[in-house]
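First comes the structure, then the notes that go with it.
Numbering of ligands and ligand atoms starts at 1, following listing order.
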Amino acid sequence: MNTSSKILVTGGTGYIGSHTTVELIIQGYDVVIVDNLSNSELFILDRIEEITGVKPAFYDYDLTNRNQIRQIFSEHPDIKGIIHFAASKAVGESVEKPLLYYRNNLNSLINLLEEMQPAGISHFVFSSSCTVYGQPDKLPVTEHAPVKPALSPYGNTKKICEDILKDTIAGGKDINVEALRYFNPIGAHASGLIGELPRGIPNNLVPFITQTAIGIREELKVFGDDYNTPDGSCIRDYIHVVDLAKAHIVALRRMMARENKSKYEMFNLGTGNGYSVLEVIKSFEKVSGHQLNYKIVDRRPGDIEQIWADTTLANNELGWKAELGIDEMMRSSWEWEKKYRNASKKY
Ligand code: NAD
Ligand code: WQD
């Protein structure tokens, strides 16, 4: 494998995209980022450079604009693969603005698929989600579990995108696809220079915890303690974003080494361990030394009770395994929050 291959990372200034860009650069890849900055900040590019010594080529373009994609491919005819992170991802917002979600997430994918083949690109990694499983009937959940009706337009876009990719290959297009179903990515880079940067009030648990501890939010609301779980709070499979980032490079390398140029595969990316909301809080309190101000409130509509991954397929086929545990996830999230707020005084 030629490690100087050029890779297009869509959504590369976003949370998972920025961590993956760092790992790609460290492993010798040449990265081009396209991101319309709808949910990320330009300074992340400088942070990527600070960590790796390399500033990737960057396009502030919108993937729903097909001409802009074509322009990138014509300026970089040596792009060999695409890692497609760019999407709108807020579940609640997708319920209020379904058309925005369908337009952005579906059109971006279709445009990339239509433009990549004439540009001679045949490798594609797609960011999917454990959301496609809904509440699985059996735990841990394997890739064979049925896809359940989506609980939100956002979740539906992930299901439809997976279908679009499968149908495109079935229709005879010569492309390789790895669809990676992420469980709950949290944590931040060990440098504390990049991490999750939600705009406004966070929807997800961990940024809400760190923002509460640093004093931006008054208290964390724990959504329900009457679920059928050992401590009554919901269980998720939290995975460190750096472990997740590394899986993308393994998946990319696997495709590029393959003779067959028309294959669709999907993998669960989690740790295989479930933690409850209260266990996550305990881990945070332990590693930060902060007592978190939280209270138990009613269940959040649409939440599933519990899910964690069977990662056997990714372990065996990709030769990848998550290495970092919950304490390291919480420690790095906290270091990032402190470093970012101290540097920017943005609250
Ligand atoms: P993010 O919002 O931090 O990153 C996505 C990036 O894409 C942002 O920087 C945004 O500006 C950009 N973007 C959005 N629409 C675009 C467009 N039309 N053109 C160009 N750029 C555009 O999100 P993330 O957490 O890094 O998630 C990355 C991917 O992983 C998404 O596809 C998301 O659905 C998926 N995913 C995320 C999670 C999670 O909990 N974070 C879980 C499962 C799957
Ligand atoms: C985790 C747990 C909440 C906030 C979402 C998307 C899913 C996927 C990952 C992209 C739950 C509880 C949360 C709070 C709380 N994204 N919680 N108080 O709901 O597992 O999944 O992100 O594909 O599609 O739905 O993640 O971080 O929102 O919640 O008690 O203020 O924390 O009830 O049990 P979730 P989350």
Which residue holds the protein heavy atom closest to atom 20 (O) of ligand 2, what is that atom called, and what is the gap in Å? R236 NE, 2.5 Å
among protein heavy atoms, the one nearest atom 5 (C) of ligand 1 is A87 O, 4.0 Å
Please report the shortest heavy-atom distance between M330 and I186, naming the atom on each side. SD-CD1, 4.1 Å
Which bit of L220 is near ligand 2, meaning a heavy atom under 4.0 Å away: side chain, backbone, both or neither? side chain
Give the residue, atom name and distance (to 0.1 Å) of the protein heavy atom nearest atom 18 (N) of ligand 1. N104 OD1, 2.7 Å
Looking only at heavy atoms, which two atoms of R217 and G200 are closest? And how far apart? NH2-O, 3.4 Å
T271 side chain to D237 side chain, donor-acceptor N/O pair below 3.5 angstrom: yes
Does even one non-hydrogen atom of S128 get within less than 4.0 Å of ligand 1? yes
Protein contact of atom 27 (O) of ligand 2 - nearest heavy atom, named by residue and atom, plus distance: L205 N, 2.9 Å
Looking at K321 and D243, what are the two nearest heavy atoms and their distance? O-OD1, 4.5 Å
Side chain to side chain, Y61 and D35, heavy atoms closer than 4.5 Å: no
Nearest heavy atom to atom 36 (P) of ligand 2, choosing from N204, V277, V222, belongs to N204
Under 4.0 Å, heavy atoms only, figure out whether ligand 1 is touched by the backbone of L37, its side chain, both or neither. backbone
Intermediate values then yes/no, side chain to side chain donor-acceptor pair (under 3.5 Å), D225 and S233: CA-CA 4 Å; D225 69 347; S233 64; over 6 Å; no
Can you name the nearest heavy-atom pair linking I304 to G134, along with the distance? CD1-O, 3.5 Å
Here the atoms of ligand 2 under 4.0 Å from any heavy atom belonging to S129 are 10 (C), 23 (O), 24 (O)
Has ligand 1 got any nitrogen or oxygen that is less than 3.5 angstrom from a nitrogen or oxygen of N39? yes
Start with the C-alpha distance between S332 and H189, add both sets of side-chain angles, then the distance that settles side chain to side chain donor-acceptor pair (under 3.5 Å), and finish with yes or no. CA-CA 7 Å; S332 58; H189 191 261; over 6 Å; no
Under 3.5 Å, N or O to N or O, is I16 touching ligand 1 that way? yes
Quick one: look at K89 and ligand 2, take heavy-atom pairs under 4.0 Å, and tell me if it's side chain, backbone, both or neither. neither
So which protein heavy atom does atom 25 (O) of ligand 1 come closest to, and at what separation? K89 NZ, 2.8 Å
Can you tell me how the ring of W336 sits relative to the ring of Y340, calling it parallel under 30°, perpendicular over 60° and tilted otherwise? parallel
For this output row, return yes or no: ring centroids of H19 and F85 closer than 6.0 angstrom. no
Are more than 12 heavy atoms from other residues, nucleotides or ligands located less than 6.0 Å from atom CG of N228? no
For atom 20 (C) of ligand 1, what is the nearest protein heavy atom, given as residue, atom name and distance? N36 N, 3.2 Å
Which atoms of ligand 1 have any heavy atom of D62 under 4.0 Å away? 17 (C), 18 (N), 19 (N)
Output field: ring centroids Y182/H248 closer than 6.0 Å: yes
Just to confirm my output: which protein heavy-atom neighbour is closest to atom 33 (O) of ligand 2, and how far is it? D303 OD2, 2.5 Å
Parallel under 30°, tilted from 30 to 60°, perpendicular over 60°: which one fits the rings of Y101 and Y154? perpendicular
Between T64 and ligand 1, does any nitrogen or oxygen pair lie at a separation below 3.5 Å? no
Identity and separation of the nearest protein heavy atom to atom 24 (O) of ligand 2: T131 CB, 3.4 Å
With distance as the sole criterion, is a donor-acceptor pair present between the side chains of N268 and T311 under 3.5 Å? no
Checking heavy-atom distances from atom 2 (C) of ligand 2 to each of Y227, Y238, Y275, the winner is Y238
Contact (N/O only, under 3.5 Å) between V91 and ligand 2: no
Quick test: of every protein heavy atom, which one is nearest to atom 29 (C) of ligand 1, and how far off is it to 0.1 Å? F85 O, 3.2 Å
Cluster question for you: counting only ILVMFWY and a side-chain heavy-atom cut-off of under 4.5 Å, with indirect links fine, are M256 and I121 together? no
Apply side-chain contact (heavy atoms from CB on, under 4.5 Å) to residues V222 and L220 and explain how you reach the verdict. CA-CA 6 Å; V222 173; L220 171 77; 4.0 Å; yes
Under a 4.0 angstrom heavy-atom cut-off, which atoms of ligand 2 come close to Y154? 10 (C), 23 (O), 24 (O)
Tell me which one of F208, F183, F223 gets a heavy atom nearest to atom 14 (C) of ligand 2. F223
So for A86 against ligand 1, with non-hydrogen atoms under 4.0 Å, the contacting part is both
Examine G11 against ligand 1 and note whether any of their N/O atoms are separated by less than 3.5 Å. no
Specify side chain, backbone, both or neither for N184, according to which of its non-hydrogen atoms lie closer than 4.0 Å to ligand 2. side chain
C234 neighbourhood, listing ligand 2 atoms whose heavy-atom distance to it stays under 4.0 Å: 34 (O)
What residue and atom, counting heavy atoms only, is the protein's closest point to atom 34 (O) of ligand 1, and at what distance? Y154 OH, 2.6 Å
At less than 4.0 angstrom from any non-hydrogen atom of N203, what atoms of ligand 2 do you find? 4 (C), 28 (O)
Which of the numbered atoms in ligand 2 are below 4.0 angstrom from a heavy atom of K221? 14 (C), 15 (C), 18 (N), 30 (O), 31 (O)
Between K158 and ligand 1, which residue portion shows a heavy-atom distance shorter than 4.0 Å: side chain, backbone, both, or neither? side chain
Has N184 got any heavy atom lying under 4.0 angstrom from an atom of ligand 1? no
Does any N/O atom on L63 come nearer than 3.5 Å to any N/O atom on ligand 1? yes
Heavy-atom count check: over 12 atoms from other residues, nucleotides or ligands less than 6.0 Å from K6 NZ? yes
So is S38 polar-close to ligand 1, meaning N/O to N/O under 3.5 Å? yes
Identify the closest protein heavy atom to atom 28 (O) of ligand 2: which residue and atom is it, and at what distance? R300 NH2, 2.9 Å
Using non-hydrogen atoms of the residue, decide whether E196 is closer than 4.0 angstrom to ligand 1. no
Interfacing atoms of ligand 1 (cut-off 4.0 Å, heavy-atom, S127): 29 (C), 30 (O), 32 (O), 35 (C)
Do P230 and I235 have side chains that approach each other closer than 4.5 Å (heavy atoms only, starting at C-beta)? yes
Taking the side chain as C-beta and beyond, is there a heavy-atom pair between V9 and V32 under 4.5 Å? no
Atom 10 (C) of ligand 1 sits nearest the protein heavy atom D35 OD1, 3.4 Å
Protein contact of atom 30 (O) of ligand 1 - nearest heavy atom, named by residue and atom, plus distance: Y182 CE1, 3.3 Å
Mutual orientation of the aromatic rings belonging to H290 and F284 [parallel < 30°, tilted 30-60°, perpendicular > 60°]: tilted
Where is the tightest heavy-atom contact between S122 and D174, given as atom of each residue plus distance? CB-O, 3.5 Å
Side-chain donor-acceptor contact under 3.5 Å, S128 with E162: yes
